[in-house]
Amino acid sequence: MSSLKSQVSSLSFEIVACEGEARAALISTRRGVIETPVFMPVGTVGTVKGIRFEELESPDLGAQIILGNTYHLWLRPGIEVIKASGGLHKFIGWDRAMLTDSGGFQVWSLGKLRKISEEGTEFRSHIDGALCFLSPEISMQVQAALGAEIAMAFDECAPGEATHDDARRSMELTLRWAKRSKEAFERYRTAGGSQRVDVEKPVPPETAVDPLATASGSVPTSNLRHNQALFGIIQGASHLDLRRESLERTVEINFDGYAIGGLSVGEAKPVMLEVIEDIAPRIPADKPRYLMGVGTPQDLIEAVARGVDMFDCVLPTRNGRTGQAFTSRGKLNVKNARFTNDQRPLDESCRCSVCRRHSRSFIRHLYLAGEMLAAILLTHHNLAFFLDTMRGVRQAIRSGQFAKFRREFTEQLSSGFE
Ligand SMILES: [Zn+2]
């Protein structure tokens, strides 16, 4: 079983340095090597909002991998459009690695608009109200068509403050869905093992499958992109016994990596850190550990200290659109009148192109004038700050200086603005 797995494995993981629980590692994918710990900017509908791909690739930012959202892309533009372009990478014009989520969390966030059953989740599209259905099998089909290097198992998320009973029910469902996700994924992988799909020569659209049309039927295998990896997701809300059980039973299914899901969904921050501290080091050491949807640069550093390798979060882009900059001295809100005549850059310690060129005064003016450039500049700086912080984290772990880095980062952050 393990030899079969290594033959078709699409991802290798090599730890190059450790300090305490913190690890610096290399994830090799068919589209290059990703150095971890890594922050992955979120490209919801095929775009990291407010920033061009050239900027993501520039040394200023140096994004190694970005996210795509299965739910959003499935609804619009739809899988047929993306397949006709030859997959998500070609469609959006991005050659580096990608990870697609399963759609589970997005559908969960629809709240009352969704209905969960054993088979999957029925929901109303947020675009036109149409009735849609997403299941582990459909999610795998859609993610196979998108063709990201890393796909995620279809899961259900319990609220942060879910009772033990509710969290158990949700965790058990997630485990059953994880098995179904893995089985569907393996059917694709095995079927295509002898005819590996070259990412440069996408399967013609006429051989494509329609996930909607085959929702309850057999799983077509004609268009599968090989060398995709599949990660399992650990749930269990804030209940450590459930989290541990979820971890153990998810590992039994055997994934290429493991994510901690269902955090930062309403629970208190100490609770989140407690779960990470307990669970991350128990994830098999030879697999990537991914903390989903978290958080601030400080959260990232604290999670790295507890053994996490991969992160994604909408904060740098979302907050960039609402006038907020993340800086080495905390959050700066350009709406604040104190910045009216402030000639300093957003962050005096930042060397990004925005901070080298523009003042707080100017960016505040742009924001108040409703200019789109305000969001563009803030998003650029915020992503640069997140990505540069992670670069610093990697260098610190490799040189045995992570404890010092973490202490100094925290001290500077709490010193605030003068
Ligand atoms: Zn900057």
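Remember, it's 1-based here, ligands and their atoms both numbered in the order they're listed. In this text, all values refer to a predicted model and were calculated from it rather than measured experimentally. Position 1 is the first residue of the sequence; numbering continues from there.
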Name the one of F311, F386, F385 that satisfies ring-ring contact (aromatic ring centres under 6.0 Å, His included) with F39? F386

N/O/S atom of H380 inside 2.8 Å of the Zn ion (ligand 1), strictly under: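 No, outside the cut-off.
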
Approximate separation, where rounding is to 0.5 Å, of N333 CG and T322 OG1: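 So the gap between those two atoms works out to 7.0 Å.
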
Given the Zn ion (ligand 1) as the apex, I'd like the angle to SG of C352 and SG of C350, rounded to 10 degrees. 110°

Between R96 and A63, is there a donor-acceptor pair closer than 3.5 Å when you use the side chain of the first and the backbone of the second?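 Yes, because the side chain of R96 sits within donor-acceptor range (under 3.5 Å) of the backbone of A63.
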
Could you tell me whether a side-chain N or O of D342 sits under 3.5 Å from a main-chain N or O of F339, the two making a donor and an acceptor?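 A pair under 3.5 Å: no.
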
Atom name of the N, O or S atom in H381 that lies nearest to the Zn ion (ligand 1): ND1

